[in-house]
Amino acid sequence: MVRQLGELENDIMTRVWQWNRPVTVREVLLDLQTERDIAYTTVMTVLDKLYRKGWLRRDQVGRAYRYEPVSSREAYTAALMNDAWGTSDNPAAALVHFFGLMSPEQREALRDALRVAALFPAPTDPGPAPAGTEADTAGEPDTAAETPPDTGGHSGAHSGGPGGADSRGLSTPP
């Protein structure tokens, strides 16, 4: 289960995700100080905690650390959504309510995402493996859901066949 970031953790991670490069405590501090009064040691402590929790990786350069995200904001958001959805006794009804809360723009983004997801069908579940076999992985964490699909360098645009690609390069049905 993914724990939601606290307010300051989120403000810091937002900057790290947006900048998309290794950052120092001082860089984050200077940017945060445009919005609030905050001490260097506070930012340093939060970055260190985010590193220890697995949100950031860090490399020492001289006497300072440079921090960068382990995963994207989108992956974090997806994990939160999946956890929230998993708490429902009726996942289908929860989705219907969720869709009802969406703006037209969000619904269009969902349609786009479903088209892209259709390009990468989920592997079929072969069912439980017999106990004691190599495929028996009971008790081991399932990391397949955390691994993004390998697009093999394809942009997602459909080439050939009865369908086409829209202006964003997404597949369109035939």
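A quick note: this is a predicted structure, and the numbers were derived from the prediction, not measured. Sequential numbering from 1 along the given sequence is applied to the chain's residues.
- Looking only at side-chain heavy atoms (C-beta outward), Tyr76 and Trp55 come within less than 4.5 Å of each other.
- Side-chain contact between Arg73 and Gln18: absent, with no pair of heavy atoms (C-beta onward) separated by less than 4.5 Å.
- Residues Asp31 and Trp19 meet the side-chain proximity criterion, which asks for heavy atoms closer than 4.5 Å.
- A distance of 10.0 Å separates CG in Asp11 from CG in Leu5, rounded to the nearest 0.5 Å.
- The shortest side-chain heavy-atom distance between Met13 and Leu50 falls under the 4.5 Å cut-off.
- Within a 6.0 Å sphere centred on CD of Glu7, other residues, nucleotides and ligands contribute 12 heavy atoms or fewer.
- Asp83 places a side-chain N or O within donor-acceptor distance of the main-chain N or O of Val2, the cut-off being under 3.5 Å.
- Judged by the 6.0 Å distance and 45° axis criteria, Arg58 is positioned over the aromatic ring of Tyr51.
- Counting non-hydrogen atoms of neighbouring residues, nucleotides and ligands closer than 6.0 angstrom, the CZ atom of Arg15 exceeds 12 such neighbours.
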Let me see the working for Asp59 and Arg66 under salt bridge (charged side-chain N to carboxylate O under 4.0 Å, His left out), right down to the final yes or no.
-> CA-CA 5 Å; Asp59 292 311; Arg66 291 198 177 274; over 6 Å; no
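- One finds the OH atom of Tyr67 at 5.5 Å from the CG atom of Leu47 (value rounded to the nearest 0.5 Å).
- Counting only heavy atoms from C-beta outward, the side chains of His97 and Leu101 never approach each other to under 4.5 Å.
- Taking 4.5 Å as the limit, some side-chain heavy atom of Arg115 sits within range of a side-chain heavy atom of Asp112.
- For the pair Gln33/Leu29, a side-chain contact is recorded, criterion being any heavy-atom separation below 4.5 Å from C-beta on.
- Classification of Glu9 and Arg52 as a salt-bridged pair fails, no side-chain N sitting under 4.0 Å from a carboxylate O.
- The shortest side-chain heavy-atom distance between Val61 and Thr24 does not fall under the 4.5 Å cut-off.
- For the residue pair Arg107 and Phe99, the shortest heavy atom distance occurs at NH2-O, 3.0 Å.
- In this structure a side-chain-to-backbone donor-acceptor pair under 3.5 Å is missing from Thr42 to Ile38.
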